[in-house]
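Everything numeric in this text was worked out from a predicted model, so none of it was measured. Heavy-atom basis, side chains included; hydrogens, waters and symmetry copies ignored. Note that ligands are numbered from 1 as they come in the structure, with each ligand's atoms numbered from 1 the same way.
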Amino acid sequence: MTITGRGVVARRAGEPAHVEEILIDPPGPGEVLVRVQASGVCHTDLHYKLGSVGNDFPYLLGHEGAGIVEAVGEGVTAPAVGDYVILAWRAPCGNCRFCAIGQPHLCAASLNAEPRMRTADGVTLSPALGIGTFCTHTVVAARQAVPVSTECPPVQACLIGCGVMTGIGAVLYTASVRRGSTVAVFGCGGVGASVIQGARIAHAAKIIAVDIAENKLNWAREFGATDLVNARDGDPVAAIKELTGGNGVDFSFEAIGRPETLLQALWARDLAGTCVLIGVPDPTMRLDLPIQQFFGLGGALRVSWYGDCLPSRDFPMLADWYRRGDLDLDRAVTRVITLDETEPAFEAMERGETLRSVVHLPDD
Ligand code: APR
Ligand code: ZN
Ligand code: ZN
């Protein structure tokens with residue numbers, strides 16, 4: 001039976017998104033219907049709204065969600081009705097050329113549900129990153145809904161679905177940060193803060209946070225940064241060298257998505273160091289790279305999508321780390337808002353006031 005929900009719809013590029021009535025069809029084969037309990041407001045939702053991800057308007061925004069499975073489609077054996085889940089925007093297919101050789105985190109045919117949601121006037125919605133969590137309900141592929149412990153509540157758990165996983169995964173999987181190593185993080189927003197936290201969990205000896213905003217640097221320290229560099233005060237590469245005995249760091253992370261900070265992250269490395277690009281660049285950006293200097297430093301430049309994670313393995317693990325007190329998600333939630341307050345949340349994000357605003361949907 002088709003149900004009626006409420007969701008945040010971006011109709012046209014650059015215009016405010018509004019809450020609308022949404023018609024939601026039942027889940028098809030291999031799909032599940034999830035009642036959303038909480039959803040983080042991520043930078044990528046803003047990119048969707050501005051039209052910089054694609055032009056498949058109208059979009060149903062939101063892709064960082066947690067909730068309860070309410071119905072399952074034909075052939076679904078897991079998750080079950082009533083399961084508490086975090087939604088993943090990638091779900092390995094199990095059959096493609098990457099899955100076939102044991103590298104499912106690189107899956108080239110990640111699973112999504114068929115379009116099951118439309119506006120009251122009958123227009124099919126494109127859910128952000130194939131999820132659409134700024135909504136009372138959403139339909140996803142069964143493997144996108146990953147059961148986790150209820151001891152990690154929805155407002156915190158939802159963050160694992162995108163920003164936290166991306167940052168922690170970049171440290172643990174893309175870079176494989178070793179204990180005792182030195183780390184620099186460029187950009188300490190929602191993603192960079194999780195990189196810092198990942199480096200702390202990986203027992204890095206020195207974690208240097210670089211940002212241009214004092215509030216972000218203060219949060220960075222609370223997440224485990226050992227040294228703070230305000231890039232407005234001078235060349236951050238020189239500051240990092242000074243903090244590392246002139247050598248540079250073993251691992252640098254770019255969590256902004258700009259060519260100038262990527263270059264800084266490359267030059268902040270020690271010999272044979274690893275630089276990881278996490279920030280998403282826009283199509284106009286170019287890198288002017290002195291190749292001899294790049295070659296001379298050795299090491300690696302790696303790109304990290306979604307922290308090279310495997311949601312079915314990693315979501316329950318991170319939820320458990322939260323329960324044990326090893327992963328701080330409470331501090332990442334700057335504001336808890338209602339579904340009707342996503343526009344002010346985007347504005348606060350643009351002003352740099354928040355790590356994350358989280359939409360909390362009532363349980364009734
Ligand atoms: N040097 C240092 N820090 C900078 C600079 C700069 N030149 N320019 C911006 N920053 C800082 C901002 O002050 C902010 O704290 O980078 C941080 C970016 O954080 P957010 O805007 O909160 O973005 P976030 O959600 O963390 O995402 C970062 O990762 O997933 C991608 O699309 C996302 O590209 C984005 C990036
Ligand atoms: Zn996101
Ligand atoms: Zn695959």
Side-chain angles (χ1 to χ4, degrees), residues 39-48 50 52-53 61-65 87-111 128-131 133 143 158-167 169-170 184-196 208-220 228-237 239-240 253-265 268 276-282 285 303-307 310 332 334 346 348-357:
S39 176
V41 182
C42 175
H43 228 102
T44 304
D45 297 307
L46 180 61
H47 291 312
Y48 270 106
L50 297 175
S52 47
V53 178
L61 298 180
H63 62 274
E64 193 178 69
L87 302 180
W89 49 262
R90 284 178 62 78
C93 72
N95 301 314
C96 75
R97 62 193 186 281
F98 293 103
C99 288
I101 59 165
Q103 297 193 312
H105 62 286
L106 300 176
C107 178
S110 181
L111 302 173
L129 287 176
I131 307 189
T133 51
R143 287 195 215 166
C158 68
L159 303 185
I160 292 172
C162 184
V164 167
M165 187 71 253
T166 298
V185 183
F186 290 79
C188 304
V191 174
S194 294
V195 174
I196 290 165
I208 305 170
V210 184
D211 206 291
I212 50 174
E214 281 299 324
N215 62 339
K216 301 293 173 64
L217 289 171
N218 291 335
W219 279 321
L228 309 179
V229 171
N230 190 327
R232 285 200 197 282
D233 296 343
D235 176 17
V237 176
I240 290 167
F253 295 86
E254 204 281 355
I256 305 162
R258 306 185 58 84
E260 55 279 19
T261 43
L262 177 56
L263 284 174
Q264 290 168 355
V276 177
L277 172 62
I278 310 171
V280 183
D282 78 35
M285 291 174 176
V303 172
S304 183
W305 303 335
Y306 213 2
L310 207 50
T334 321
F346 285 124
M349 172 191 285
E350 286 185 291
R351 290 192 300 266
E353 292 169 7
T354 48
L355 279 179
R356 271 292 189 273
S357 298

*Answer yes or no: is there a side-chain heavy-atom contact under 4.5 Å between V195 and V276?*
no
*At the Zn ion (ligand 3): angle between C93 atom SG and C107 atom SG, to 10 degrees*: 100°
*Tell me, which protein residue and heavy-atom name are nearest atom 34 (O) of ligand 1, and how many Å apart are they?*
V280 N, 2.9 Å
_Atom indices of ligand 1 within 4.0 angstrom of G187 heavy atoms, with elements_ = 16 (O), 17 (C)
*Who's the nearest protein heavy-atom neighbour of atom 7 (N) of ligand 1, and how far?*
T261 CG2, 3.6 Å
*May I ask you to check whether R258 has an N/O atom sitting below 3.5 Å from an N/O atom of ligand 1?*
no
*For atom 13 (O) of ligand 1, what is the nearest protein heavy atom, given as residue, atom name and distance?*
D211 OD1, 2.6 Å
*Would you indicate whether R351, at its atom CZ, is surrounded by more than 12 heavy atoms from other residues, nucleotides or ligands within a distance under 6.0 Å?*
yes
*asked:* Testing I196, I278, L355 one by one against V191 for a side-chain contact (heavy atoms from CB on, under 4.5 Å), which residue passes?
replied: I278
*State, to the nearest 10 degrees, the angle whose vertex is the Zn ion (ligand 3) and whose arms point to SG of C99 and SG of C96.*
110°
_I need the atoms of ligand 1 closer than 4.0 Å to a non-hydrogen atom of A255, numbered in the order shown._
28 (C), 36 (C)
*asked:* How far is atom 23 (O) of ligand 1 from the closest protein heavy atom, and which atom is that?
replied: H43 ND1, 3.2 Å
*Identify, by name, the N, O or S atom of H63 lying closest to the Zn ion (ligand 2).*
NE2
*What is the closest protein heavy atom to atom 22 (O) of ligand 1, and at what distance does it sit?*
G189 CA, 3.3 Å
*Between H63 and L87, does a side chain to side chain contact (heavy atoms under 4.5 Å, CB included) hold up when you go through it step by step?*
CA-CA 8 Å; H63 62 274; L87 302 180; over 6 Å; no
*asked:* Within the 4.5 Å heavy-atom criterion, are T44 and V280 side-chain neighbours or not?
replied: no
_Close approach of T166 to ligand 1, heavy atoms, under 4.0 angstrom_ = no
*Which ligand 1 atoms are under 4.0 Å away from a heavy-atom of G279?*
29 (O), 34 (O), 36 (C)
*Any N or O of Q264 that comes nearer than 3.5 Å to an N or O of ligand 1?*
no
*May I ask you to identify the nearest protein heavy atom to atom 4 (C) of ligand 1, giving residue, atom name and distance to one decimal place in Å?*
I256 CD1, 3.5 Å
_Separation between CD of E64 and OG1 of T133, rounded to the nearest 0.5 Å_ = 7.5 Å
*Show the numbers, then the answer: is there a side chain to side chain contact (heavy atoms under 4.5 Å, CB included) between D45 and F346?*
CA-CA 9 Å; D45 297 307; F346 285 124; 3.8 Å; yes
*Looking only at N/O atoms, are V191 and ligand 1 under 3.5 Å apart anywhere?*
yes
*Is the closest heavy-atom distance from G163 to ligand 1 below 4.0 Å?*
no
*What residue and atom, counting heavy atoms only, is the protein's closest point to atom 8 (N) of ligand 1, and at what distance?*
I212 CD1, 3.6 Å
*Roughly how far, to the nearest 0.5 Å, is the CG atom of L129 from the SG atom of C42?*
8.0 Å
*Would you give the length of the straight line joining atom OG1 of T354 to atom NZ of K216, rounded to the nearest 0.5 angstrom?*
6.5 Å
*Working for side-chain hydrogen bond (donor to acceptor under 3.5 Å, both in side chains), residues N215 and E353*: CA-CA 8 Å; N215 62 339; E353 292 169 7; over 6 Å; no
_For C107 against R90, the heavy-atom pair lying closest together_ = O-NH2, 2.7 Å
